[in-house]
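Quantities reported herein were computed from a predicted structural model and do not represent experimental measurements.
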Amino acid sequence: MLDIIGLSETDVEVYDAFAGTGSMTLAEIRQRTGLPKQQLLRVLRVLTEKRLLAKLPGPAEAYSAVRPEIALEALLRQKEQELASARLIADRLRERYRGTSGERPVDLIEVIHGNALIADRADQLLRSAEQEVDFVDKPPYAQTPGVLHPAERDLLDRGVRFRGVYERSALELHDLSSDLEAGLALGEEARVVTTAPLKMIVVDQRIGLVPLRSDLPEVGTALVIHPCALLDALSAVFTFLWQSGLPLYLPGSVEQAGAAASDDARLLALLTTGLPDRSIAKQLGMSYRTFQRRLRDLMTSLGATTRFQAGLQVATRGWVTLPGTQPSREESVSERAGSSSPHP
């Protein structure tokens, strides 16, 4: 953690060696830390420059430690001032860019080549989010679909809203138990559509990322789109897909918590996506025959003889909520604001 103020683990270990001693000679420091002399001298020079240690006068080379509440606080205050200055510069550059963007068409669209650069740019865009990230997930991918993106975890912890529309084909490529459930457990909202015209990321409705083509096995080239009519169109496409998609409630999601037993909830969620039975069995880590038996048992417990009846029973019990029955985010906020509460 202290690398942010330029201290390595070895620096911290040497500084920590002074605890309870007050001061030590070079020989005593070597004996306590076990470091080679040349490496120790470099560490002592760093600690002295950062005013964590003070070199004592006299013929013997000796050092005294400055108390951490004084030395570290000064270093942290200096780093805070540097970060504040960097933020001012970033804000000024952002305002200058906003003032010039839109004057030329070339400023509205960036073209990025190479999967590695595309992945890096996507990560950068995600981490810049302040309010909402909307995305459509479908093949192709700039990198192999994996576990929850670190940026998503950080942003969800900060209260940034994540809404994802997954094309059914994408679900067959993800490991739902590790990829999607992790995000849903943290608050991601997900819906499933049969097909999506393209994949995209739209951040705060101010910048978007889309592949140049969706008919190739790899992304290869992507477009970063700044505020313009094309970005408005992407937002409109996402809204249409979101409204027409079915909610994906895996056991990890906030909405699904307590609705049904974990295994049955996962099976039900996959059935609502329209995935083929064999793909569902694979996602559940069971044979096709075992899946069929589990499905029959679930239908029997629901008192249903057909999948349609099972679907009605699940909806009636509130295990699956249709989009039309969900209040919008704005309506939910309004209702909460108008409801009575025992607290001010």
- Item | Leu108 vs Leu230, side chain to side chain contact (heavy atoms under 4.5 Å, CB included): CA-CA, chis, key distance, verdict | CA-CA 9 Å; Leu108 301 178; Leu230 181 55; over 6 Å; no
- Could you state the interatomic distance from CG (Leu40) to CZ (Arg32), rounded to the nearest 0.5 Å? 13.0 Å
- Message: Measuring only between side-chain heavy atoms, which start at C-beta, is Leu41 closer than 4.5 Å to Glu61?
- Response: yes
- Query: If every non-hydrogen atom of Val193 is compared with every non-hydrogen atom of Ser244, which pair is closest and at what distance?
  - Reply: CG1-OG, 4.3 Å
- Task: Among Val160, Ile201, Leu209, find the one that has a side chain to side chain contact (heavy atoms under 4.5 Å, CB included) with Leu126.
- Result: Ile201
- ring pair (Phe, Tyr, Trp, His ring centres under 6.0 Å): pairs with one or both residues in residues 34-64, sequence neighbours excluded: none
- Task: Using the side chain to side chain contact (heavy atoms under 4.5 Å, CB included) rule, take Leu198 and Leu234 through it: C-alpha gap first, then chi angles, then the decisive distance, then the call.
- Result: CA-CA 10 Å; Leu198 77 169; Leu234 289 179; 3.9 Å; yes
- Apply side chain to side chain donor-acceptor pair (under 3.5 Å) to Thr239 and list each qualifying residue two or more places apart in sequence or on a separate chain. none
- Message: Going by salt bridge (charged side-chain N to carboxylate O under 4.0 Å, His left out), name the residues that satisfy it together with Arg168, two or more places apart in sequence or in a different chain.
- Response: none
- Give a yes or no on whether the backbone of Val224 and the side-chain of Glu110 come within a donor-acceptor separation of less than 3.5 Å. no
- Message: For the backbone of Lys138 and the side chain of Lys199, can you confirm whether one donor and one acceptor N or O come within less than 3.5 Å of each other?
- Response: yes
- Task: Please report the closest heavy-atom contact between Ala65 and Leu53, naming both atoms and the distance.
- Result: CA-CD2, 3.7 Å
- Query: So if you build clusters from Ile, Leu, Val, Met, Phe, Trp, Tyr with side-chain heavy-atom gaps below 4.5 Å, do Leu56 and Met24 land together?
  - Reply: no
- Query: Does the side chain of Ser169 reach to within under 4.5 Å of the side chain of Glu167, using non-hydrogen atoms?
  - Reply: yes
- Closest non-hydrogen atoms of Asp137 and Ala170, given as atom of the first, atom of the second and distance, are OD1-CB, 3.2 Å
- Counting only N and O atoms by type, is there a donor-acceptor contact under 3.5 Å from the side chain of Tyr15 to the main-chain atoms of Val66? yes
- Side-chain heavy-atom pair Lys37, Leu26 within 4.5 angstrom cut-off: yes
- Item | Rounded distance (nearest 0.5 Å) linking atom CG of Asp11 with atom CG of Leu52 | 8.5 Å
- Message: Test of understanding: clusters of I, L, V, M, F, W, Y form through side-chain heavy atoms closer than 4.5 Å, transitively. Do Leu212 and Ile225 belong to the same one?
- Response: yes
- Item | Residue pair Arg42 / Gln39, side-chain donor-acceptor N/O under 3.5 Å | no
- Hits for ring-ring contact (aromatic ring centres under 6.0 Å, His included) against Phe135, two or more places apart or cross-chain, chain-then-number order -> Tyr166
- For the pair Val237 and Val136, evaluate side chain to side chain contact (heavy atoms under 4.5 Å, CB included) and give the outcome as yes or no after the intermediate values. CA-CA 10 Å; Val237 170; Val136 176; 6.0 Å; no
- Does atom CZ of Arg158 have more than 12 heavy-atom neighbours, drawn from other residues, nucleotides or ligands, at distances under 6.0 Å? yes
- Would you say the side chain of Phe238 lies within less than 4.5 Å of the side chain of Val202, judging by non-hydrogen atoms? no
- Say you draw a straight line from CZ of Arg278 to OH of Tyr288; how long is it, rounded to the nearest 0.5 Å? 5.0 Å
- Message: Using 0.5 Å steps for rounding, measure from the OG1 atom of Thr300 to the CG atom of Leu295.
- Response: 9.0 Å
- Message: Would Leu47 and Leu7 count as a side chain to side chain contact (heavy atoms under 4.5 Å, CB included) here? Give the steps.
- Response: CA-CA 8 Å; Leu47 295 175; Leu7 294 179; 4.1 Å; yes
- Query: Looking at CZ of Arg163 and CZ of Arg191, how far apart are the two atoms once the value is rounded to the nearest 0.5 Å?
  - Reply: 8.0 Å
- Query: Would Arg289 and Gln292 count as a side-chain hydrogen bond (donor to acceptor under 3.5 Å, both in side chains) if you check the C-alpha gap in whole Å, the side-chain angles of each, and the deciding distance to 0.1 Å?
  - Reply: CA-CA 5 Å; Arg289 186 183 298 276; Gln292 289 180 313; 6.0 Å; no
- Item | Atom of Ala17, atom of Thr33 and distance for their closest heavy-atom approach | CB-CG2, 4.0 Å
- For atom CD of Gln31, decide whether the heavy atoms of other residues, nucleotides or ligands shown that lie under 6.0 angstrom number more than 12. no
- Message: Please say yes or no: joined through hydrophobic side-chain contacts below 4.5 Å, possibly via intermediate residues, are Phe240 and Leu231 part of one cluster?
- Response: yes
- Applying salt bridge (charged side-chain N to carboxylate O under 4.0 Å, His left out), name anything that partners Asp204, two or more places apart in sequence or on another chain. Arg206
- Message: Restricting to salt bridge (charged side-chain N to carboxylate O under 4.0 Å, His left out), what partner residues turn up for Asp123, sequence neighbours left out?
- Response: Arg127
- Query: Roughly how far, to the nearest 0.5 Å, is the CD atom of Gln205 from the CG atom of Asp232?
  - Reply: 8.5 Å
- If we only count heavy atoms from C-beta on, is the Pro197 to Leu241 side-chain gap below 4.5 Å? yes
- Hey, any chance Leu117 and Ile207 share a hydrophobic cluster, counting ILVMFWY side chains that come within less than 4.5 Å of each other, even indirectly? yes
